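This one's a predicted model, so the numbers in the text were calculated from it and none came from an experiment. Just the heavy atoms: all of them, side chains too, but no hydrogens, waters or symmetry mates, feed the values below. Index from 1, following the sequence.
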Amino acid sequence: MQHYVSGQAKHDILVVGDHDDRMRQDFSKSLKQFVQNDLLPGLTPVFEGRASRQFEKQHGRKPEDRHDIRSTMVADPYFQAYASANRVAQELLWESVIEPLARDQDDINAKAQKLSAQSKAPLESSTDFEVPRYISAIDIHCMPGGYASAATDADVTAGALYDRGVYLYSMGMMGPDNDDMGRSVCNYIKRNLDGFEPKDILDMGCTVGHSTLPYKEIFPGANVTGIDVGGPCVRYAHARAAAKGMEVGFLQRDAEATGFDDESFDLIVSHILLHETSGKAMPEIIRECHRLLKPGGYMIHADLPPFHKMGPFMQFILDNETYYNNEPFWGAMREMDQIKLATDAGFAPDAVSFDNAPMAALEAFAPEETQEADREFVAGEYAPGGGWEVLIARRAS
């Protein structure tokens with residue numbers, strides 16, 4: 001029988017804490033929901049009713065892009081209250097997990113080592129691994145210590161913090177296993193790729209394997225491997241998979257240069273990886289995907305939509321992550337021509353496109369609505385338009 005911790009599926013190394021810990025975590029999740037559902041939508045009338053007019057009065061023209069919008073919105077007291085509340089909610093959710101994790105970290109580390117020892121799937125990590133500076137220099141998502149901080153070669157606490165914290169950050173919208181992106185892409189593959197049954201699957205930037213495990217579940221005969229530059233994350237991912245009874249390999253490797261042989265995989269995927277890579281790294285990752293794919297194999301990167309698919313105000317809303325949530329590449333990534341990056345890497349122009357993978361969690365309730373081709377991006381939605389944007393490319397046979 002499955003058990004849950006405030007909606008999240010429980011497993012042997014999940015940070016649980018006591019009653020007071022869980023109440024603080026529930027509060028941080030509720031505060032995040034209040035900011036997203038109640039405060040954020042109010043930005044639209046504020047912009048249209050006074051900030052836009054103020055900009056026009058000062059500049060003699062209407063705001064034209066997200067930068068113009070930001071320049072006038074940052075002075076507005078409503079926006080300041082929203083941005084402050086959103087940042088406080090983000091910091092509170094991490095703090096609500098850190099306290100019980102600090103008490104239980106020895107037990108979690110010990111359990112993780114025991115679980116990994118029972119697994120037959122490969123595990124590779126080391127504190128000597130050179131983590132790219134664009135990851136190690138900042139605490140992405142404001143997560144204290146970042147993805148790669150570790151006290152020992154066996155430490156998994158960063159992974160444990162991410163597992164519980166990101167569930168709270170997503171407000172439960174990613175499902176009890178926080179795996180909606182992987183599950184949504186698997187559904188997309190089953191629906192759109194004409195019986196494609198990959199045998200060797202690579203998940204780049206897997207963190208703790210939330211979205212990796214659905215590929216093993218839905219393609220049980222496949223050899224599934226997750227890679228990430230964060231050692232504590234891959235160690236935690238390996239133990240978490242074992243706790244869930246799944247044999248999936250997790251390796252500490254850089255998506256820019258993985259070390260795998262040419263043509264090793266039928267399918268290469270990622271889930272919100274690209275917006276956490278630098279402008280220099282992203283083309284290298286796409287080239288690496290082309291090198292690693294077998295002829296006829298697919299590359300699918302799932303993220304939020306590029307800016308050209310939405311208006312300036314929605315761009316401004318999403319770009320708040322760049323300014324207030326330690327996501328320095330968020331906006332820059334969405335301005336890059338990802339189709340060109342793929343063709344420059346060797347994919348044929350007619351084999352590269354963007355598409356929508358409807359959220360699996362929403363499909364379960366309204367499948368016809370979530371498969372609509374025309375989507376309107378609405379401020380406050382967790383996944384704008386009710387789906388994940390996928391950059392999909394196929395290597396020539």
Side-chain angles (χ1 to χ4, degrees), residues 5-6 8 13-17 21 24-29 31-32 35-36 83-105 108-109 112 125 127 129 131-151 155-174 178-179 181 205-212 226 228-237 239-240 250 252 255 270-278 303-304 320-330 333 382:
V5 180
S6 302
Q8 185 173 9
I13 52 173
L14 181 69
V15 177
V16 176
D21 297 320
R24 282 189 285 269
Q25 291 164 16
D26 285 347
F27 172 80
S28 71
K29 178 183 170 186
L31 178 58
K32 186 82 173 176
V35 171
Q36 293 295 306
S84 177
N86 198 37
R87 179 60 180 252
V88 167
Q90 184 73 348
E91 294 180 358
L92 279 178
L93 71 87
W94 295 120
E95 290 180 10
S96 72
V97 181
I98 286 174
E99 187 171 334
L101 175 58
R103 295 197 306 267
D104 298 339
Q105 63 181 342
I108 289 174
N109 280 326
S125 71
T127 53
F129 182 88
V131 178
R133 180 164 172 76
Y134 62 81
I135 295 293
S136 63
I138 57 175
D139 292 347
I140 298 174
H141 301 144
C142 303
M143 175 176 144
Y147 298 162
S149 299
D155 186 17
V156 302
T157 51
L161 176 59
Y162 183 92
D163 188 5
R164 182 62 175 153
V166 167
Y167 177 81
L168 301 174
Y169 170 75
S170 69
M171 301 167 289
M173 293 291 292
M174 302 279 270
N178 223 52
D179 63 356
M181 293 195 82
C206 65
T207 55
V208 299
H210 287 142
S211 285
T212 317
D228 198 276
V229 296
C233 287
V234 297
R235 290 190 289 273
Y236 184 91
R240 177 179 177 273
F250 288 95
Q252 187 180 17
S270 77
H271 314 86
I272 58 172
L273 165 70
L274 296 185
H275 77 252
E276 293 185 0
T277 61
S278 69
D303 214 298
L304 298 185
N320 283 323
E321 294 289 309
T322 304
Y323 290 86
Y324 307 119
N325 198 27
N326 283 12
E327 293 274 19
F329 310 114
W330 181 282
M333 168 263 180
Y382 181 72

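Across every non-hydrogen atom of Asp228 and Cys206, the tightest pair is OD2-N, 3.3 Å. When all heavy atoms of Gln252 and Ser125 are compared, the pair lying nearest together is OE1-CA, 3.3 Å. In this structure, Gly146 and Ala158 approach most closely via the heavy-atom pair O-CB, 3.8 Å. Val208 approaches Tyr162 most closely through the heavy-atom pair CG2-CD2, 3.8 Å. Between Leu101 and Ile108, the shortest heavy-atom distance links the atoms CD1-CD1, 3.8 Å. Here the closest non-hydrogen pair linking Gly17 and Pro100 is CA-CB, 3.8 Å.
The CG atom of Leu304 sits 7.0 Å away from atom NE2 of His275, with the distance rounded to the nearest 0.5 Å. The distance from the CD1 atom of Ile138 to the CE atom of Met143 is 12.5 Å, given to the nearest 0.5 Å. In this structure, Leu92 CG and Lys32 NZ are separated by 11.0 Å, a value rounded to the nearest 0.5 Å. Atom OH in Tyr324 sits 10.5 Å away from atom OG in Ser84 (nearest 0.5 Å). Here the CG-OG distance, from Asp139 to Ser149, works out to 7.0 Å after rounding to the nearest 0.5 Å. The OG1 atom of Thr207 sits 7.0 Å away from atom CD1 of Ile272, with the distance rounded to the nearest 0.5 Å.
For Thr277, the side-chain contact (heavy atoms from CB on, under 4.5 Å) partners two or more places apart in sequence, or in a different chain, are Tyr134, Leu273, Ala281, Met282, Ile285. With sequence neighbours left out, the side-chain contact (heavy atoms from CB on, under 4.5 Å) criterion links Asn178 to Val166, Tyr167, Ser170, Met174, His210. Evaluation of the salt bridge (Lys or Arg N to Asp or Glu O under 4.0 Å) rule for Arg87 yields Glu91 as partners, not counting sequence neighbours. Not counting sequence neighbours, the partners of Ile98 by the side-chain contact (heavy atoms from CB on, under 4.5 Å) test are Pro144, Leu161. Applying the side-chain hydrogen bond (donor to acceptor under 3.5 Å, both in side chains) test to Asn320 and every residue at least two apart in sequence or in another chain returns Arg70.
No donor-acceptor pair closer than 3.5 Å links the side chain of Asn325 to the backbone N or O of Glu327.
A heavy-atom distance below 4.5 Å is found between the side chains of Phe250 and Thr212. Side-chain contact between Asp303 and Met181 is absent, with no heavy-atom pair separated by less than 4.5 Å. Under the 4.5 Å side-chain criterion, counting only non-hydrogen atoms from C-beta, Ile13 is in contact with Tyr236. Proximity of Ile140 to Asn326: side-chain heavy atoms (C-beta onward) are nowhere separated by under 4.5 Å. Within the 4.5 Å cutoff, the side chain of Glu276 has heavy atoms near those of the His141 side chain. Counting heavy atoms from C-beta on, the side chains of Val97 and Leu168 come closer than 4.5 Å.
Within the structure, salt bridge (Lys or Arg N to Asp or Glu O under 4.0 Å) pairs that include any residue of residues 157-169 comprise Asp163-Arg240 (at least two apart or interchain).
Remark: Asp26 does not engage Lys29 in a salt bridge, criterion side-chain N to carboxylate O under 4.0 Å.
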